[in-house]
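So the structure is just underneath, and the comments pick up after that.
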Protein chains: 2
Amino acid sequence: MKRPTIADIARRAGVSKGAVSYALNGQPGVSAATRQRIIAIAEEIGFNPNSAARALSGATSNAVGLTLCRPARTLGIEPFFMELISGVEAELSARSYALTLQVVADPDAEIAVFRRWWGERRVDGVLVCDLRVDDRRVPVLEQLQLPAMVIGGPGHTGALANLWVDDAAALVEAVEYLVALGHRRIARVGGLPGLLHTEIRTRAFTDLRDRLGLSQAVTVPSDYTGEEGGRATRRLLSSPDRPTAILYDNDVMAVAGLAVAQEMGLAVPADLSIVAWDDSALCRLVHPALTALGRDIPAYGTHAARRLLAVIAGGPADGFQDQNAHLTPRGSTGPAPRDS
Amino acid sequence: MKRPTIADIARRAGVSKGAVSYALNGQPGVSAATRQRIIAIAEEIGFNPNSAARALSGATSNAVGLTLCRPARTLGIEPFFMELISGVEAELSARSYALTLQVVADPDAEIAVFRRWWGERRVDGVLVCDLRVDDRRVPVLEQLQLPAMVIGGPGHTGALANLWVDDAAALVEAVEYLVALGHRRIARVGGLPGLLHTEIRTRAFTDLRDRLGLSQAVTVPSDYTGEEGGRATRRLLSSPDRPTAILYDNDVMAVAGLAVAQEMGLAVPADLSIVAWDDSALCRLVHPALTALGRDIPAYGTHAARRLLAVIAGGPADGFQDQNAHLTPRGSTGPAPRDS
DNA sequence: CTGAAAGCGCTTACAG
DNA sequence: CTGAAAGCGCTTACAG
C-alpha cells in the first residue's frame, strides 16, 4: 500500500503542502474552513505524518527512551518495571509519543546508549531508573543536554529533573508497626547496595534502631532476586537469636523469604512476621498474603512521563515528591511470639 | 552540544558527503584508505547517524514495534513478557535496531497502533503476541504489507511469518507424568479462551482424557491472573470428587493455586500435585517449588526478533517451530494419595 | 490568509 | 574511485 503524504492531501484540497502542515498542526495561517476541509481529507485517507520527516525538520522525534539495567530473568520476575512501563505508556500514548526501550548490561552500556540516542536524535528525552549514589549517568546527560527525568532521589540528580518518594518515612511506618506488635528482633533484607534508595533505607533503618534501642536490628544486603533473598533469610533464621520479623526491600525477596520460613518449619506469622516493600499482585498470590509497603507504581510512571514531557517542552527541570508508600497489613504479620 | 553530521566528517576528511556515507555503510565506491580515514574520524568525533534522516532517505526506521495487550497490574506479574522482551532486545540491540513498545487496551487499539506505525513509518516491522483464533490483526498486517512476525501458531497466521511451539506435545508430557504417578482425577486451569494456544491445549487435554479414559479431566477456563486462578482452584478443591492434580496454564495461576491449597489445609504434594506452565523464577520462589513445563523464553524472543529482521530484509515469511517446553519435576508433584 | 521555497541530514543513482 | 545533485516528507520563515 502507498502511504499518503501531505502532498496527496494538498492536491486533493487544492492548497499548498505548507497549508496542509499548518492546518494539521493547529498553527495559524489557514482559514477555519480550509482547516476543516484539510482535516476531513486527512482523516478520510487515513493520513499519519511520516515520523522521520517530522523529526528531521522539526528536530523532535516524538519518542522517549527508557533503559533497563537488569538481566532477563530478573527483569521478568520483578513486577516493578512492567508496572512502571505501563504507567509511562499510558501518558505517552495519550500524547502520541512512542516509548523506545533498551535493555542494557551495565551502567557503561547505558551511558553508551544515551550517547547514541542523542547522536541519532532517536529520542527527545529519557527516563532514568535505579539512581545510584553519585550516579555517573547524571553528568553525561547534563553535558549532552538531553532532557531527562530521574526516577529517584532526593539528591544526586545534579541539574536533572527528578521524581522521588520519601522511603525513610515509609520504613519508619513499617518498623514502628512491627514494634507495636511487640517485635524487638527485627531484620531487614536490603536491595542492591549502591542504589540511592537502598542507601536511604539503610540509613533510616540504622537511625531508627538507635532511636528505639533495637540493638539487633540488622540489614543484610541482597540484590532483589529470590535466590539471594531466600539465602539471606536462611542465614538470618539459622542464628540462635533469630529475628521475629523481617522487612524485605522488594516483593520478590519477601515471597522467597516466606518459602524459606515454610521450608524451615516456621509458621508465618506465629513464629515470624514478614513485610514486603512494593505491594504488587505477588504479595496477594501467596499464603498467607504479605503485609506490604505499597504505592501506585503505574501512577508513578505516568507522573514521571508527564514531567519528562514538560521538560522536553522547555519547562524547568525541577524535583517533585510523589505520594509515599503506605503499609497494608495482611496475614504475614502478627504479634511477636511470647517466648521471644 | 552540537551533533556531528556527515558534512562535518566530509569537511575534515576532504571528501564529499556521499563518500562518507559509502564509507560508513560499507558500500563500494571508496578506496580502502579513504574508508579507513573516514571511519577513524567518525569514531573520533563520536558520530552517530541521525536516525530520522536515515529513515527518510533509506525508508527504513531501524525500529521494531511490539504491542502488549494486558492491563498494567497483570503485565507486571506475568514474567513471560518481560523475559520475551529481554530476548528480543538482545537481538535487536546487537543489530542496532530499537524496540518501540506500546501497551494497548484491546485488539482494536492494537490494530489502530499498527496502522499508525505503518503510516508514520515509525517501525520496519512488528512482533505479534497473543495470537487468537481467526485473529483480526492478521489480515490488517497482510493488507498493510507491514513485515510481521507472529509469536504463536501453528495456523491462523495467514501469510505472515510465525514462530511456534508444540504445546500439545508438552501437555501430553505433563499429563502422562501425572498419570504415571497414579493420578486419575486431573484438572486443568486454562488461560484466556480465544487465544490460539489456549484452544490448542484444551483440545489436546480433551483428546488425552478420551485416550487415557480420565473421565473427570476437566478444564476450568481462567485468565492468567492470580485472582482468577485462585478462585478456579478453590472451586475445584471444594468439589466432593476433588482432583488430586492440577495443571495450570501459567506460573502465576499455579502459585495462586498453591496458596489456595495451603489456605484449605491441603498438603502439596501429599494431597494435591501442582504443575505450572511457564517455568519462571516464580516457580522456584515458593515452597514447595513448582514442577513446571518450561522453555527458554528469552531465547524464544531472540529467535523471533532474528526471524523478523530476516523478513524485514526481504526474506520469505515462513513458519518455524521452536524448541518445545519440557517438564522439570520439583517438590509440588508426587504420587497420588492412596485413598483417592 | 495563502503559496513558493529552503532546509533538516542522510542515501543513492548519475556523471565524470 | 570520487564529486555534485536529487530526493525522502515534513516544517517554517518569507513573500505576496
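Naming: A, B, ... by sequence-line order, numbering from 1 per chain.
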Rounded to whole Å, CZ of R11(B) lies from C1' of dG9(C) at a distance of 13 Å
For DNA chain D, which residues in residues 12-27 of chain B have a heavy atom at a distance below 4.0 Å? G14(B), V15(B), S16(B)
Kindly indicate whether a cation-pi arrangement holds for R137(B) with F114(B), taking the cut-offs as under 6.0 Å to the six-membered ring centre and within 45° of the axis. no
For the pair made of CD1 in I6(B) and P in dA5(D), what is the distance, rounded to whole Å? 15 Å
So, does T34(A) get its side chain near the phosphate of dT2(C), meaning an N or O under 4.0 Å from OP1 or OP2? yes
Using whole Å, report how far CG of L56(A) lies from P of dT11(C). 12 Å
Tell me, please, whether F81(B) has R70(B) positioned over its six-membered ring: NZ or CZ under 6.0 Å from the ring centre and within 45 degrees of its axis? no
State whether S31(A) places a side-chain N or O below 4.0 Å from either non-bridging phosphate oxygen (OP1 or OP2) of dT2(C). yes
Spacing between D8(B) atom CG and dC10(C) atom C1', to the nearest angstrom: 13 Å
In whole angstrom, what separates N62(A)'s CG from dC8(C)'s P? 20 Å
Does R54(A) make a side-chain N or O approach to OP1 or OP2 of dG9(D) shorter than 4.0 Å? no
Across all strands shown, which nucleotide pairs with dG16(C) by Watson-Crick or G-U wobble geometry, both distances under 3.5 Å? dC1(D)
Assess whether atom CD of Q323(B) is packed by more than 12 heavy atoms of other residues, nucleotides or ligands within 6.0 Å. no
Roughly how many Å is it from CZ in R121(B) to C1' in dT11(C), rounded to a whole number? 14 Å
Would you find a donor on one side and an acceptor on the other, under 3.5 Å apart, between the side chain of S57(A) and the backbone of A53(A)? yes
Cationic N near anionic O, under 4.0 Å, R307(B) to D318(B): no
CD/Q27(A): more than 12 non-hydrogen atoms of other groups inside 6.0 Å: yes
What is the separation between atom CG on N48(B) and atom P on dG9(C), rounded to the nearest whole Å? 14 Å
Could you state the atom-to-atom distance from CD1 of I9(B) to P of dC10(C) in whole Å? 8 Å
For DNA chain D, whose closest nucleotide is more 5', that of A32(B) or that of P4(A)? A32(B)
Kindly assign one of parallel, tilted or perpendicular to the pair F320(A) and H303(A), based on the angle between their ring planes and the thresholds 30° and 60°. tilted
